[in-house]
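As the structure is a prediction and not an experimental result, all values here were calculated from the model. Ligands are counted one by one from 1 in listed order, and the atoms in each one are counted from 1 as well. For this chain, numbers begin at 1 and follow the sequence in order.
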Amino acid sequence: MWFFHSQCTSKSRLVDKTVIITGANTGIGKETARDLYRRGARIILACRNIQKANDAIEDIKKNPPSKADREQFQGAPGELVVYQLDLSSLKSVKECAKKLLTKESAIHLLINNAGVMMCPQETTEDGFELQLQTNYIGHFLLTLLLLPKMQSSGPGCRIINVSSFLHLFGAIHNDLNLKESYGPMKAYIQSKLANILFTKELARRLKEANIDEINVYSLHPGVITTEIGRHYNTTIFPGASTIFQIFLQPFLKNPEQGAQTTIYCSVDEKAADETGLYYKECGVATPQWRAQDDQIAKDLWDKTCRLLHLECNEDFANFLKTVSQIIK
Ligand SMILES: NC(=O)c1ccc[n+]([C@@H]2O[C@H](COP(=O)([O-])OP(=O)(O)OC[C@H]3O[C@@H](n4cnc5c(N)ncnc54)[C@H](OP(=O)(O)O)[C@@H]3O)[C@@H](O)[C@H]2O)c1
């Protein structure tokens, strides 16, 4: 990548901090784990494929980030552990959250990174469209379940939602599951817009409830060579993945470069007093108009609660208590 390649320059160390990264066995998630592990954090790789996650751990332990002599990487590295999480199953999300709440004494950073893009139409065991559930609904529920633990782990906790610039072309449809009008890209860009709206609405609710221990961020990481295009050959045309790689090569970041904005939102001091905003290239950016609309954000929140059978309650502290009941 020869232009637009910002670096997170923060020298923050994360000794005694616990970080959860969903989808950390490859791509941006794995590179984020590699960086934060060298800053001294206990990293929880929340992944659906345990073997792939263990392989990622081996790789992260063996290979430091490319600029390993930087101040933030000096000192002892942290720890790497795996938890099973399949975001396309609410049962799995609840089990993972329950285990995390029981076993972890604190959670300081939650990085909602896992994602799928442009898959063939598929309905999950919970009855949701696959991209909607993996990219948005699964993370929505996981976050709500972990919030009380994060609140007690503060101050300075952060939740990061990895979105995409492709949200620019997205809308939130009445039929969130796109049952009658499915398109692989339509579903992806809706889910990525939902990530930003969730960030905005969660930040608003936290502020209103005077929960100032937790800030929330959403971001576009860049366009990066990862496994995200694994469905292109099926849903675009055979060979699409290779053709995109060849033509887009000069504009693509490698995964380490692609992790920089996630790392920035996770550790940088400049972002410490910001919440509810959208970032790209290690700085605040402006998302499309729908992502800035308070009513769209609130409506999506309420609709998601209804889909999850969570009682909508404007008193956020009480709302979190009722959410916690579902895993008791
Ligand atoms: N790459 C880009 O150009 C780009 C651009 C904009 C935004 N993004 C966003 O960046 C994030 C990371 O993507 P990436 O590029 O690093 O893609 P990637 O290499 O395909 O990594 C995606 C990760 O998500 C995990 N995942 C998928 N479905 C899951 C599920 N049901 N439960 C748990 N984990 C699941 C994958 O696990 P498995 O290995 O088991 O499948 C993998 O670890 C995504 O949210 C994506 O939308 C990427």
*ligand 1 atoms in contact with Lys52 (distance to a heavy atom under 4.0 Å)*: 38 (P), 39 (O)
*Can you sort out which atoms of ligand 1 are near Val116, meaning under 4.0 Å from one of its heavy atoms?*
27 (C), 28 (N)
_I'd like to check which ligand 1 atoms, numbered from 1 as shown, lie under 4.0 Å from a non-hydrogen atom of Ala114._
24 (O), 25 (C), 26 (N), 34 (N), 35 (C), 45 (O)
_Ligand-side contact atoms (ligand 1) for residue partner Val223, heavy atom cut-off under 4.0 Å_ = 3 (O)
_Test of proximity, Asp86 against ligand 1: N or O pairs below 3.5 Å_ = yes
*Could you establish whether Ala46 and ligand 1 come within less than 4.0 Å of each other, counting only heavy atoms on the residue side?*
no
*Do side-chain atoms of His220 reach the backbone of Gly222 as a donor and acceptor pair under 3.5 angstrom?*
yes
*Check whether the side chains of Thr22 and His139 place a donor and an acceptor atom closer than 3.5 Å, and report yes or no.*
yes
*State, without any angle test, whether Asn112 and Asn161 hold a side-chain donor-acceptor pair at a distance under 3.5 Å.*
yes
*asked:* Please list, in number order, the atoms of ligand 1 under 4.0 Å from a heavy atom of Thr134.
replied: 28 (N), 29 (C), 30 (C), 31 (N)
_Tell me whether Lys99 forms a cation-pi arrangement with Tyr83, defined as NZ or CZ under 6.0 Å from the six-membered ring centre and within 45 degrees of its axis._
yes
*Where is the nearest protein heavy atom to atom 11 (C) of ligand 1: which residue, which atom, and how far?*
Asn113 O, 3.0 Å
*Under 3.5 Å between some N or O of ligand 1 and some N or O of Cys47?*
no
_Protein residue, atom and distance nearest to atom 4 (C) of ligand 1, heavy-atom basis_ = Gly222 O, 3.9 Å
*Backbone N or O of Val116 within a donor-acceptor pair of the Asn135 side chain at under 3.5 Å?*
yes
*Tell me, which protein residue and heavy-atom name are nearest atom 22 (C) of ligand 1, and how many Å apart are they?*
Gly115 O, 3.6 Å
*Phe165 contact mode with ligand 1 (heavy-atom cut-off under 4.0 Å)*: neither
_Closest to atom 43 (O) of ligand 1 among Thr22, Asn25, Thr124 (heavy-atom distance)_ = Asn25
*Would you mind listing which atoms of ligand 1 come within a distance below 4.0 Å of any non-hydrogen atom of Val162?*
9 (C), 10 (O), 11 (C), 45 (O)
*Among all protein heavy atoms, pick out the one at the shortest distance from atom 13 (O) of ligand 1; state its residue, atom name and that distance to 0.1 Å.*
Ile228 CD1, 3.8 Å
*For atom 36 (C) of ligand 1, which candidate among Lys253, Glu227, Arg230 holds the nearest heavy atom?*
Arg230
*asked:* Which label fits Phe140 and Phe198: parallel for a plane angle under 30°, tilted from 30 to 60°, or perpendicular past 60°?
replied: tilted
*Examine the side chains of Glu269 and Ser10 and answer whether a donor and an acceptor come within less than 3.5 Å of each other.*
yes
*Is it the side chain, the backbone, both or neither of Lys30 that has a heavy atom closer than 4.0 Å to ligand 1?*
neither
*Any non-hydrogen atom of Arg48 lying under 4.0 Å from ligand 1?*
yes
*If you have a sec, work out which protein heavy atom is nearest atom 14 (P) of ligand 1 and how many Å separate them, to one decimal?*
Thr226 OG1, 3.4 Å
*Please check if the distance between the ring centroids of Tyr278 and His167 is under 6.0 Å.*
yes
*Numbered atoms and elements of ligand 1 in range of Gly23, under 4.0 angstrom, heavy atoms*: 23 (C), 24 (O), 25 (C), 43 (O)
*Nearest to atom 47 (O) of ligand 1, what protein heavy atom do you find, and at what distance?*
Tyr188 OH, 2.6 Å
*Which pair of heavy atoms, one from Arg290 and one from Leu197, lies closest together, and at what distance?*
O-CD2, 3.3 Å
*What protein heavy atom sits nearest atom 2 (C) of ligand 1, and how far away is it?*
Ile224 N, 3.7 Å
*Would you call the rings of Phe316 and Trp301 parallel, tilted or perpendicular if under 30° counts as parallel and over 60° as perpendicular?*
tilted
*Name the closest protein heavy atom to atom 16 (O) of ligand 1, giving the residue it belongs to and the distance to 0.1 Å.*
Ile28 N, 2.9 Å
*List the steps, then state whether salt bridge (Lys or Arg N to Asp or Glu O under 4.0 Å) holds for Asp302 with Lys298.*
CA-CA 6 Å; Asp302 290 345; Lys298 184 177 181 316; 2.9 Å; yes
*Does any non-hydrogen side-chain atom of Ile159 lie less than 4.5 Å from one of Asn215?*
no
*Answer yes if the side chains of Ser88 and Gln133 hold a donor-acceptor pair under 3.5 Å, and no otherwise.*
no
*Under a heavy-atom criterion of less than 4.0 Å, does Gln133 contact ligand 1?*
no
*In terms of the angle between their ring planes, are Tyr279 and Tyr264 parallel, tilted or perpendicular, with boundaries placed at 30° and 60°?*
tilted
*Indicate, as side chain, backbone, both or neither, the part of Ser163 found under 4.0 angstrom from ligand 1 when only non-hydrogen atoms are considered.*
backbone
_Over all atoms of both residues, closest heavy-atom pair of Val82 and Ile57_ = CG2-CD1, 3.5 Å
*Give the numbers and elements of all ligand 1 atoms closer than 4.0 Å to a heavy atom of Leu85.*
32 (N), 33 (C)
